[in-house]
Amino acid sequence: MNFSNQLIYWYLNNRRDLPWRNTTNPYYIWLSEIILQQTRVDQGMNYYFKFVENFPTVNDLAAAPEEEVLKLWQGLGYYSRARNLHFSAKYIVNQLNGVFPSNYSEIIKLKGVGDYTASAISSICFNEPMAVVDGNVYRVLARYFGINTPINTSKGIKEFKKLAQQLLNKEDPATNNQAIMEFGARMCKPQNPDCNSCPLNSSCSALAKNNIKDLPVKEGKLKVRNRYFNYLVIETDENTTKIVKRKKGIWLNLYEFPLIETLKPINENELIEHETFSNLFGLNNVSVKLFNNKIKPHKLSHQHIYAKFWIIKIANSLNYKHSWEDISKYPVPILINNFLNEYKSDYFF
DNA sequence: AACCCGTGGTA
DNA sequence: TTACCAAGGGT
């Protein structure tokens, strides 16, 4: 048995029964693939159920306001996935008469769909012989064939795609693609792979050379940027506050409290003297109190955000019309959601 | 090519 | 605790 057929044989005896494995409806496969980008199955599962339930068809998704889509996506991260998903749903309904594209070259035109996702959908739903190359495939191929080309270079991307395509079982690309990914996720894991019970252990290069921990090779290291956020949590006499929509960068189109970002941590006096602060409150009589004395950084892939939540009490409620109950309807970053849960738990539970 | 975009699990 | 990184894609 060749490499791919051994993987398929293993897969047919070891596959998990996942909800998106019981359908070839391209809309559902698309949903699952977008949700699972850079996301573990355990983390994405409930989101898949939520999306299928709230948007049973691509028409339902297209008809929803973006805020509703982002709210359902809240907590999953990489929110451009949700924005692109929604954009592409509208494209399918308005430009393609609601018919999901049925081949690789049309599928990859969808926003948020790259080579991996187009290969996955076209093979699983339409039996098109396009090999998927995700993190699992890089790892399995690099180890088994002893390839040390860095996987995050254009050379590596081409090399692994070509090899995966050569290895692909063209009779059953759907099963082959899912087999190699499942194999990478559960047998040839990043740490502590189960080499003892691996069906390929007698011919694996990395096992023979004892360099499993060095493969796959990744180039460069991402640098983490520190940012200092000062959120202005307004409390008016009428029990209202204010949130605003983010217009750029991280958490685009999600909501947060009015923000003053600084290059270094600042204290209360520096906050009050800040230009943005005086522009907002002018000569109004406000009281300021820091909610979180202990600042725990909110860690993203390449940013550490040190957020202070300043409670601003003000009599005038003219410009601050959000009730605290309303805020739970808006999509917010986890950082904001965690604060809300601590600060106004009465309203949310 | 280099950088940006989240959150949570694991060792 | 830090570091890695997960069914990647856009610019």
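Just so you know, these numbers come straight off a predicted model, no measurement behind them. Lettering of chains follows the sequences in order, A, B, ..., and the numbering in each one begins at 1.
- Side-chain contact annotation: A:Ser203 with A:Tyr144, donor-acceptor N/O pair under 3.5 Å present.
- Within the 4.0 Å cut-off from OP1 or OP2 of C:dG9, at least one side-chain nitrogen or oxygen of A:Thr117 is found.
- Contacts of A:Val137 with the nucleic acid, taken as non-hydrogen atoms under 4.0 Å apart, are absent.
- In this structure, A:Tyr79 reaches the B:dT7 phosphate: one of its side-chain N or O atoms is under 4.0 Å from OP1 or OP2.
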Pairwise N/O distances under 3.5 Å, protein to nucleotides 9-11 of chain B:
none

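- Within 4.0 Å of A:Lys111, counting heavy atoms only, lie sugar-phosphate atoms of the nucleic acid but no base atom.
- Taking atom P on both nucleotides, C:dA7 is separated from B:dT10 by 13 Å, rounded to a whole Å.
- In this structure, A:Tyr343 has its ring center under 6.0 Å from that of A:Phe291.
- Under 4.0 angstrom from either OP1 or OP2 of B:dT7 there lies at least one side-chain N or O belonging to A:Trp251.
- Side-chain atoms of A:Glu67 and A:Tyr255 form a donor-acceptor pair, as typed in the model, at a separation below 3.5 Å.
- A:His302 comes within 4.0 angstrom of a base, heavy atoms only.
- Atom-to-atom, OH of A:Tyr48 to C1' of C:dA6 comes out at 19 Å; the value is rounded to the nearest Å.
- The stretch residues 5-21 of chain A comes close to DNA chain C through A:Leu18, A:Trp20, A:Arg21, each having a heavy atom under 4.0 Å from the strand.
- Between the CG atom of A:Leu300 and the C1' atom of C:dC4 there is a distance of 16 Å, rounded to whole Å.
- Scored by the ring-ring contact (aromatic ring centres under 6.0 Å, His included) test, A:Tyr231 finds A:Phe229, A:Phe309 as partners (sequence neighbours excluded).
- Both A:Leu252 and A:Lys223 lie close to DNA chain B; mapped to their nearest nucleotides by heavy-atom distance, the more 5′-ward contact belongs to A:Lys223.
- Look at CZ on A:Arg246: it is 14 Å from P on B:dC4, rounded to the nearest Å.
- Contacts between residues 144-180 of chain A and DNA chain C, counted as heavy-atom distances below 4.0 Å, involve no residue at all.
- If you check every strand for non-hydrogen atoms under 4.0 Å, A:Lys248 touches nothing.
- In the set C:dG10, B:dT7, C:dA7, the nucleotide with an atom closest to the side chain of A:Gln43 is B:dT7.
- Under a cutoff of 6.0 Å and an axis angle of 45°, A:Lys242 and A:Tyr320 do not form a cation-pi pair.
- Sequence order on DNA chain C of the closest nucleotides to A:Pro190 and A:Val113 puts A:Pro190 first from the 5' end.
- Per the geometry, NZ belonging to A:Lys189 stands 15 Å off P belonging to C:dC5, to the nearest Å.
- Atom CG in A:Asp214 sits about 14 Å away from atom C1' in C:dC4, given to the nearest Å.
- The phosphate of C:dG8 has OP1 or OP2 within less than 4.0 Å of a side-chain N or O from A:Gln38.
- Residue A:Leu215 holds its CG atom at 7.5 Å from OG of A:Ser205, rounded to the nearest 0.5 Å.
- We find that CD1 of A:Ile121 is positioned 17 Å from P of C:dA7, with the value rounded to whole Å.
- In terms of phosphate contacts, A:Arg139 brings a side-chain nitrogen or oxygen within less than 4.0 Å of OP1 or OP2 of C:dA6.
- Residue A:Gly44 is out of contact with every strand shown, counting any heavy-atom pair closer than 4.0 Å.
- Here A:Phe145 and A:Phe3 bring their ring centres to under 6.0 angstrom of each other.
- Of the residues near DNA chain B, A:Gln303 and A:Glu219, the one whose nearest nucleotide (by heavy atom distance) lies more toward the 5' end is A:Glu219.
- Using a 30° and 60° split on the angle between ring planes, A:His298 and A:Trp251 fall in the tilted class, from 30° to 60°.
- Ring planes of A:Tyr47 and A:Trp73: tilted class, angle from 30 to 60°.
- In terms of position along DNA chain C, the nucleotide closest to A:Lys218 lies nearer the 5' end than the nucleotide closest to the other residue of the pair A:Arg81 and A:Lys218.
- Protein atom CD1 of A:Ile108 is 15 Å distant from nucleotide atom P of C:dG8, rounded to whole Å.
- Shown here are the salt bridge (Lys or Arg N to Asp or Glu O under 4.0 Å) partners of A:Arg227, two or more places apart in sequence or in another chain: A:Glu261.
- Ring centroid separation for the pair A:Phe277 and A:Phe281 comes in under the 6.0 Å cut-off.
- A:Gly184 comes within 4.0 angstrom of nothing in the nucleic acid, heavy atoms only.
- Put simply, the side chain of A:Ser80 and the base of C:dG10 share no donor and acceptor less than 3.5 Å apart.
- Not counting sequence neighbours, the partners of A:Lys161 by the salt bridge (Lys or Arg N to Asp or Glu O under 4.0 Å) test are A:Asp115.
- Side-chain atoms of A:Asn136 and A:Asp134 include a donor-acceptor pair closer than 3.5 Å.
- Counting any heavy atom pair closer than 4.0 Å across all strands shown, A:Ile250 reaches sugar-phosphate atoms only and no base atom.
- At least one donor-acceptor pair closer than 3.5 Å links the side chain of A:Asp60 to the backbone N or O of A:Thr57.
- Following rounding to the nearest Å, A:Asn337 (CG) and B:dT7 (P) show an atom-to-atom distance of 10 Å.
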